[in-house]
Amino acid sequence: MSVKHPFVPWLIVAWAGYLLLPWYVQEDGFWSMVWLFDGYLADEYYTSAVFHGLQYDRPWLLPIALFLALPFMALRYPRQHPNYARILILAGAGGLGWLAVQGLLIGISGWEFTAFESTFGVLDQRQYGLGYGALLTAAGFLVILTSGLAAAGVMKGDVFVTSAIGTVILLVTLFVFYPVSQILVSAFQTEEGYLSAGAFAESFTSSKIWGLACLSDGRSCGVAWNSLFLATLTGLSTTLLGLAFALVVTRTGFRYKKSLRLLTVLPIVTPPFVIGLALILLFGRSGVVTQFTADLLGLEPGRWLYGLPGVWLAQLLAFTPIAFLVLIGVVEGISPAMEEASQTLRGSRWQTFRHVSLPLMRPGLANAFLIGFIESMADFGNPMVLGGNFEVLSTEIFFAIVGAQNDQGRAAVLAIVLLFFTLSAFFIQRKWLGKKSYTTVSGKAESGLPMQVNPALKWLSYGTAVPWALFTIVIYGMVMFGGFVANWGYDHSFTLKHYSDAFALSWGEFGLVWEGQAWDSLWTTLGISALSAPLTAAVGLLTAYLLVRQNFAGKNLFEFGTMLSFAIPGTVIGVSYILAFNVPPLELTGTGVILVICFIFRNMPVGVRGGIAAMSQLDKSLDEASLTLGANSFTTLRKVVIPLLRPAITAALVYSFVRAITSVSAVIFLVSAEHNMATSYIIGLVENGDYGIAIAYCSVLILVMLGAIAAIQFSVGERKLRSARTVKAKNNNKRLKEQLV
Amino acid sequence: MSLDYKAGSVVFNKVSKRFGQVSAIDNVSFTIEAGQLVTLLGPSGCGKTTTLRMIAGLEHPTEGQILIGDKDVTRLPATDRDVSMVFQSYALFPHMSVAENVAYGLMVSGTAKAEAIDKALEGLQLVGLAEYGNRLPSELSGGQQQRVAVARALVLEPEVLLLDEPLSNLDAKLRRYVREEIRDLQQQLGLTAVYVTHDQEEALAVSDQIIVMNKSVIAQQGTPRELYEQPVSAFVADFIGDANLIKAELQSREGDFARIDVGGVNVQVPHREQQSGAVTLAVRPDAVILHADPEVTALTGQVTHASYLGNQIQYTVDSELGELFVIDYRVDQPVARGSSVALDFNNRGLALVAA
Ligand SMILES: Nc1ncnc2c1ncn2[C@@H]1O[C@H](COP(=O)(O)OP(=O)(O)O)[C@@H](O)[C@H]1O
Ligand SMILES: [Mg+2]
């Protein structure tokens, strides 16, 4: 059943936001309700837009009422009348536009642009970030706009679908495109705030970025070259190693295949710098291996780990499982029939591998390489922990913002260079995969056994994969074990001190006291991750639904926009959020909200991908059956699509929860004293040399995540399409009625 | 019986539908009377499903107007139309029991739960599955699933019931049985039903009216008998029952009939406004009579293939008219492959068609 005027509830919401709720952001935090009891509408800081407009000299807020009044005129027409649609579109678009324009023009110190100051004179009044009131009013305007578009026939008149598309577009624009565009603006800005191409050219061509001194003399090269070199090296080596793993698991008689597959789970639950940390414990100046060989050979312990070799090694350990994961799918996807065909044509096993299997894997190999490349470019934790004098873009950006220089312009320029690299890789990948089809798996059930590789290749794969797997196990052993050692490299006695420092509990006067120093950041991390996980899953799956099930103009662009944030390194996101959300109209830095938002849009692409994959397997006629049975698209989504998507929902929840816990690069810019996250806290410990506590904290994080994964799996569960119920054929109508009513 | 049907008519008025550059339906007009079962028949890709989906509201026309029960529904979304559809794949919700599936449409449109379940059971009774309410769709056979899909569509008391190739997933034996069941149900309840199929035998068996479609347009609309006996075009003649299309000479017209020379044999058929000169004659395979004695008529041929099918023998005969496909029910008088025969025609199986 469709409601007669679906926008009316939202119009009421918008009016409430305008008349009754604080228009500007509340200093005490999103959840604080101080404003309600401490003056409310009477106080300038807590009052609503209409009072700001009438009483506090902010007349530019008054025209909003005009746009809010317009929709009432639409009610005079039936829904089919062209004027109905026209009025709603005018009101919605006008209202949103007005909100955006006034927000961007008038900021914390009056006019934002000097041109207006000279034309209209200095403005005494200032604006803060937008708050609840503005949020609701904007949401209302959006639905009014999309209702108008639906009435005009957009999306076959479906208000829910139109609103969903509008919402996703608005969110992606606000939280992906807008911040990234702020980087561009900032890169072109001089210190005085003028736009100038010269300023950009100057910092962009700096030899610190592009210098080639390392080729001619011993000095170091520019950070861009460092990053590019490291990323290429990591991409190549993770791909080869991943291929060796994939071949071992799928094409040999190796006995411990299951355990090898478990390795693919590791990077998901491991904060990226943990590997670096473990490497320090092994190969650092006071590492076990270093000390051992030093004693044995009488060598001075070296610092070789700090720099390119260490970072590369850490990335190889961290990202090989991802390449493995990608390639295992590709290798398994090669139809045995192809290989059998080659063999019946008298190809030897090596020839078959060389001329049939390998070419079929090419897109997979390219994909694995590009993922390794992008991950390496974006990696912040390992270079931070192990980089030494080897500087890469992601860390340089951090130091440009956080260091003594606090040079946002320079950070922006570096971010653009980094973005250029990753986006190029992203585009190449899409182009490459878009053009060629190597799919050999059809819907038909195929028989035939996958071909075993020839002995030489088999031993080569064993020789690389197995030692590497053992090495990985040692590394993780170090992580679990390192927290119980008193002082690494000097005093190897067993201790619980690190754990008690971090996680001590005691009974005090007022009950339980969270004494350990890690509790604060741990609870913040869990809270923010738990909040962002369902939101990420919701936005991701909704987007997937729109992409798979709906057709609309600009769909490709829409998809591209939602996937883009995958190719934007965390550091770049971090910088762009600081640049964009430090000042009104959206003043979010220092809050927990900005962390939640950041996680949603960084992790959304995976939810979208997973959702698309799962939804493509659901027959479209299920949705259509529901529609022809009189359910609207929202009911269809709720009652038919979502129940059938349980596995995808679980995956999206787990992934976004865990990623929120492990991510560092963006977070490190966005944390504040009040909202500190575990990873940035641990990085701080490492910088102070508190390896014991750091490693103890890491192990706890990993265990917490494994626990959470198990819990989510358990509570959301698998979908059930076959019942174990025994079916009684006779006379169960009455029972059925009782059961359903 | 509390199920109560108000059958509605369907009118297409110059409807076109384009997907980008592809024209799926091109300027199509037709009327489906209330209470009739009408099939949309045509080869794959001719636009049948698209037409059906436009009646359902799952697609909206690019141009033109659609009326259901005399109301203009051109822009009305599927949700708000009083039409329900049985999908080719049945589209039963796999996570709901059979009864929940059937009650779904009632529940989402706000019927109280108790009443919805009552009606669902009544619907299941209608298709003979009253005892299967508790099962999941995966626990039913293909034919039973199909009947659940029909029950689910029927309990909404739709003005129009749509069926998209409802038999295509059933095995051959079951097909005839189910199609008769659907036809009985439709007549018993007085429903308007639109039925899509590419199988001409199925169409002939169940329909009040058939709309034959070809390449996005309507080739002909009529009763099964009209289509078989008076096809307007070579396409329709060939698609509904096989036909040999033969170029012939119209010699003279007498009253409603035309005298035609077919390779030296004279036949009489209704002229249907064809003028003298070259015409195309559609000849049903069983309207060709073979004579073992090649001297009987002026038209002779040679048998190049013969297949025995139990109740009939199918021949391919090479003649001066070209290759002819012939069905002969005289299985006790077979003609050997390679023999020469004389050919003759039965007037009842002949029709003049536009080329
Ligand atoms: N959603 C769509 N997008 C693009 N082309 C379509 C779509 N649906 C149908 N078509 C095209 O319209 C034509 C008619 O299709 P359809 O109605 O499914 O034929 P039928 O059911 O008679 O086999 C075909 O050429 C088909 O490719
Ligand atoms: Mg079809």
Side-chain angles (χ1 to χ4, degrees), chain A residues 1-3 79-80 150-161 551 553 618-636 638-646 719-741, chain B residues 19 53 56-60 72 75-97 99-101 103-110 112-114 116-118 120-121 124-125 130-139 149 152-153 155-156 158 162 164:
Chain A
M1 278 221 304
S2 65
V3 191
R79 236 169 116 182
Q80 289 76 20
V154 174
M155 299 316 300
K156 296 180 199 146
D158 194 318
V159 177
F160 168 70
V161 173
N551 265 314
L618 280 191
D619 191 351
K620 192 175 182 186
S621 58
L622 288 174
D623 302 29
E624 292 178 342
S626 172
L627 292 177
T628 56
L629 291 169
N632 59 31
S633 47
F634 180 62
T635 310
T636 302
R638 202 160 50 88
K639 294 205 158 170
V640 177
V641 178
I642 289 180
L644 291 172
L645 280 186
R646 283 262 183 95
R719 79 187 136 165
K720 184 168 133 233
L721 302 183
R722 255 163 225 291
S723 78
R725 279 178 285 173
T726 47
V727 183
K728 296 234 172 55
K730 287 230 161 94
N731 275 342
N732 54 12
N733 293 353
K734 213 168 132 243
R735 189 159 58 79
L736 176 70
K737 267 191 233 172
E738 286 160 7
Q739 174 193 334
L740 287 174
V741 172
Chain B
F19 295 105
R53 290 166 58 84
L58 293 170
E59 305 285 357
H60 286 178
D72 184 343
R75 295 277 145 224
L76 208 60
T79 308
D80 301 331
R81 292 195 190 182
D82 210 358
V83 168
S84 46
M85 178 152 168
V86 175
F87 288 80
Q88 196 168 359
S89 57
Y90 314 145
L92 297 180
F93 306 130
H95 57 301
M96 298 180 194
S97 71
E100 286 168 332
N101 261 287
Y104 180 87
L106 297 163
M107 305 253 233
V108 296
S109 34
K113 230 175 185 181
I117 297 290
D118 267 345
L121 290 174
L124 284 172
Q125 215 139 34
E131 335 231 280
Y132 293 78
N134 262 334
R135 294 206 194 181
L136 285 176
S138 59
E139 296 165 330
R152 183 174 71 176
V155 293
L156 289 179
L162 307 175
D164 190 3

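Numbers restart at 1 for each chain; the letters A, B, ... are given by sequence-line order, proteins then strands. Fair warning: this is a prediction, and the values are worked out from it, not measured in the lab.
When each of B/A149, B/P158, B/S89, B/A153 is checked for heavy-atom pairs under 4.5 Å with chain A, B/S89 comes out on top. With respect to chain A, the highest number of heavy-atom pairs below 4.5 Å among B/D82, B/L156, B/L76 belongs to B/L156.
Residue B/V108 comes nearest to A/G630 through the heavy atom pair CG2-C, 4.0 Å, listed as atom of the first residue, atom of the second, then distance. Scanning all heavy atoms of the two residues, the minimum distance from A/K639 to B/H95 falls at O-NE2, 2.8 Å. Contact detail for A/S621 and B/A91: the closest heavy-atom pair is O-CB, 3.4 Å. The shortest heavy-atom contact between B/F93 and A/L622 is CE2-O, 3.3 Å. Taking every heavy atom of both residues into account, B/T79 and A/A631 meet most closely at OG1-O, 3.1 Å. Taking every heavy atom of both residues into account, A/L629 and B/Y104 meet most closely at CD1-CD2, 4.0 Å.
Considering only heavy atoms from C-beta on, A/D158 stays 4.5 Å or farther from B/P77 through its side chain. Taking 4.5 Å as the limit, some side-chain heavy atom of B/R53 sits within range of a side-chain heavy atom of A/E624.
For B/L106, no part sits under 4.5 Å from any heavy atom of chain A, backbone or side chain. For B/L58, the parts lying near chain A are the backbone and the side chain together; criterion is any non-hydrogen pair under 4.5 Å. For B/E59, the parts lying near chain A are the backbone and the side chain together; criterion is any non-hydrogen pair under 4.5 Å.
In this structure, OG in B/S109 is found 11.0 Å from CG in A/N632, a value given to the nearest 0.5 Å. Taking CZ of B/F87 as the start and CG of A/D619 as the end, the distance is 9.0 Å to the nearest 0.5 Å. With rounding to the nearest 0.5 Å, the separation of CE in B/M107 from OG1 in A/T635 is 13.0 Å.
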